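Everything below concerns the one structure shown next.
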There are 2 protein chains.
Amino acid sequence: MTEIARETPTAMSTDAATEPPITARRAQTRERLMAAARTVFADRGVEGASVEEICEAAGFSRGAFYSNFGDRSELVLAMIQQSSLMQLAAAQSAVATMMAAGHKDADELVSIALYALEGLGVTRSADETIGDRELMLHAARHPELHQTYLGFVDTCLAQVESLIIDGLRHAGLELTIGVRDAVALLAGTHQHLQTMAMFDSRRSDPSLLGTLLGTITRPHAGSRPYGVG
Amino acid sequence: MTEIARETPTAMSTDAATEPPITARRAQTRERLMAAARTVFADRGVEGASVEEICEAAGFSRGAFYSNFGDRSELVLAMIQQSSLMQLAAAQSAVATMMAAGHKDADELVSIALYALEGLGVTRSADETIGDRELMLHAARHPELHQTYLGFVDTCLAQVESLIIDGLRHAGLELTIGVRDAVALLAGTHQHLQTMAMFDSRRSDPSLLGTLLGTITRPHAGSRPYGVG
DNA sequence: TGTATCGGATACAGATCTGTATCCAATACT
DNA sequence: AGTATTGGATACAGATCTGTATCCGATACA
């Protein structure tokens, strides 16, 4: 009796579901679910958030969720991959803007660094920072996600690196340490600032990035430093 | 029928349970439960770990758990408070050892910094780091824990600060930036190194701390630097 | 305009999980 | 030795949560 109904609807989609045809509407639903998940994860933690909560926040039913993602871990994976693309795009547009404007002084350098660092799992508001870190920690707990997450990190670090190089040249400065080390120090410093900000925004002073940049740079020999060249 | 049994056992303990008398045995049980929780949290996340799992890992039943903690959040609170004490003790003993041995060169400085930084939610193995960060993030998600966690952080930062001050004097060096900034940079750098280590230990090079120290210190004017004074 | 397909909603079964209410054994006190 | 008390184990009821199987409305194609 029940077998009669099992004719085509799911059977067909199962055939195609190996590589689901993501139409525009489907993509939009996925988008909304992922956006809602970020919020809910920040509130409840990745493992503490129920699929129900995520769907409710997105204005969908669980049916919609399971029609778009196999399970929670598939959602998380998609979110990490999405992060990589999003942050990359954000960083690139930020650079483009700053480069085009031809900023050159130290304060702008800090801004550049800040923009560049946005991608490193540490972003704007405290809630977003928490959400990002939930994702990071979830990835850390699951070895199968290590490579994917490192790919994301590398994307961001490379972005920071090229930003620093270009930014310093524009500012007429050069590094006194290796660029890789510089990137790591900037990333760590930003991470620490964001950590503090999660608990008390007043305890996070971005000028620390300026202090750091001051200690690891010097006027570029022969180029056009502030008033020397 | 069932009411007959409800005579005294819990009734008495309820009276006293307002301020439970923590005997030695009780303390040991709490200890084991907290230790087990650290492991389980690292695996499953604070919200993802069931009380059952924690108890099983500790070799107890859920009855033992609820006899010692009101609920999961009470356990987490106790763990954070415990962290503060543990890390403080660890750092102090580390300092005592190093100071007593009279270490003075740059490499030892790095070691000092490392020891001092152990407390900042970023510790030895990758699993412990993950567990510590789970705790941190849980605290970040719960405003009622913010002050408690900041107390822990301040304890650690103050510890690092005095270690740095003493360590540098012993090494005949002085800071080129404020000590608070120096502490923040060291903390952030360590945090970044531990982040990398969570995903791939080969990508975490502690010598970065030495590089950082090198850029923010110089031989102490007039004191006894390496070969100058 | 009619039909096929797709996207999301609903219903349901099984599996956990939490917190409480009892219960029993070992320790401590006398 | 005998009793009081404490610490931990067991049993249970209610509440979720997950994943699947089915169903329905809307869009697209003809």
Side-chain angles (χ1 to χ4, degrees), chain A residues 1-33 36-37 40-41 44-76, chain B residues 1-33 36-37 40-41 44-76:
Chain A
M1 292 291 267
T2 48
E3 295 177 6
I4 300 172
R6 191 164 59 88
E7 29 177 339
T8 37
T10 21
M12 285 290 295
S13 71
T14 299
D15 289 343
T18 311
E19 194 71 4
I22 300 178
T23 71
R25 179 147 170 225
R26 203 173 180 75
Q28 201 178 4
T29 301
R30 286 172 65 94
E31 206 60 40
R32 276 170 58 190
L33 283 170
V40 178
F41 284 173
R44 306 271 195 190
V46 173
E47 326 287 343
S50 71
V51 173
E52 174 72 45
E53 281 174 307
I54 296 170
C55 295
E56 194 178 348
F60 286 110
S61 68
R62 288 214 328 290
F65 180 93
Y66 284 108
S67 156
N68 278 280
F69 301 97
D71 56 13
R72 200 217 321 282
S73 53
E74 208 171 297
L75 167 73
V76 174
Chain B
M1 294 288 267
T2 49
E3 294 175 8
I4 299 172
R6 192 164 58 87
E7 28 177 341
T8 36
T10 22
M12 286 288 296
S13 71
T14 300
D15 287 343
T18 312
E19 194 70 4
I22 300 177
T23 71
R25 178 146 170 227
R26 202 173 181 75
Q28 201 178 4
T29 301
R30 285 172 66 94
E31 206 60 40
R32 274 169 60 189
L33 282 169
V40 178
F41 284 173
R44 305 273 194 188
V46 172
E47 326 286 343
S50 71
V51 173
E52 175 71 44
E53 280 175 310
I54 297 170
C55 295
E56 195 177 348
F60 287 109
S61 68
R62 283 210 339 285
F65 180 93
Y66 283 108
S67 156
N68 278 280
F69 301 98
D71 55 12
R72 201 219 321 281
S73 53
E74 209 172 295
L75 167 72
V76 175

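Note that the coordinates shown come from a computational prediction; the quantities given were computed from them, not determined experimentally. In what follows, every chain begins at residue 1, and chains take the letters A, B, ... in the order their sequences are listed.
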### Message
Does a side-chain N or O of A/Arg25 approach OP1 or OP2 of C/dG7 to a distance below 4.0 Å, or not?
### Response
no
Acceptor/donor pairs from residues 47-57 of chain B side chains to any protein atom, 3.5 angstrom cut, sequence neighbours excluded:
| unit_1 | atom_1 | unit_2 | atom_2 | d |
| --- | --- | --- | --- | --- |
| B/Glu47 | OE2 | B/His138 | ND1 | 2.7 |
| B/Glu47 | OE2 | B/Arg141 | NH2 | 2.4 |
| B/Ser50 | OG | B/Glu53 | N | 3.0 |
| B/Glu53 | OE1 | B/Ser50 | N | 3.0 |
| B/Glu53 | OE2 | B/Arg44 | NE | 2.7 |
| B/Glu53 | OE2 | B/Arg44 | NH2 | 3.2 |

#### Entry: Listed partners of A/Phe65 passing ring pair (Phe, Tyr, Trp, His ring centres under 6.0 Å), at least two apart
A/Phe69
### Task
Please report, rounded to the nearest Å, how far the P atom of D/dA11 is from the CD atom of B/Glu52.
13 Å
### Summary
From CZ of A/Arg30 across to P of C/dG7 the rounded distance in Å is 12 Å
### Query
How close or far is atom C1' of D/dG19 from atom CG of A/Leu75, stated in whole angstroms?
15 Å
### Query
Rounded to whole angstrom units, what separation is found between the CG atom of A/Leu33 and the P atom of C/dG7?
13 Å
### Query
Between D/dG19, C/dC17, D/dT18, which nucleotide gets closest to the side-chain atoms of A/Arg72?
D/dT18
### Query
Mind checking what makes side-chain hydrogen bond (donor to acceptor under 3.5 Å, both in side chains) contact with A/Ser61, not counting sequence neighbours?
none
### Query
Rounded to the Å, how far apart are B/Gln28 CD and D/dT6 P?
19 Å
### Task
Could you list by number each residue of residues 54-69 of chain B showing a heavy-atom separation from DNA chain D of less than 4.0 Å, or answer none if no residue does?
B/Phe60, B/Ser61, B/Gly63, B/Ala64, B/Asn68
### Task
Specify the closest pair of heavy atoms between B/Ala64 and B/Leu33, including all atoms of both residues, with the distance to one decimal.
O-CD1, 4.4 Å
### Query
Taking CZ from A/Arg26 and P from D/dT27, how many angstroms apart are they, rounded to a whole number?
17 Å
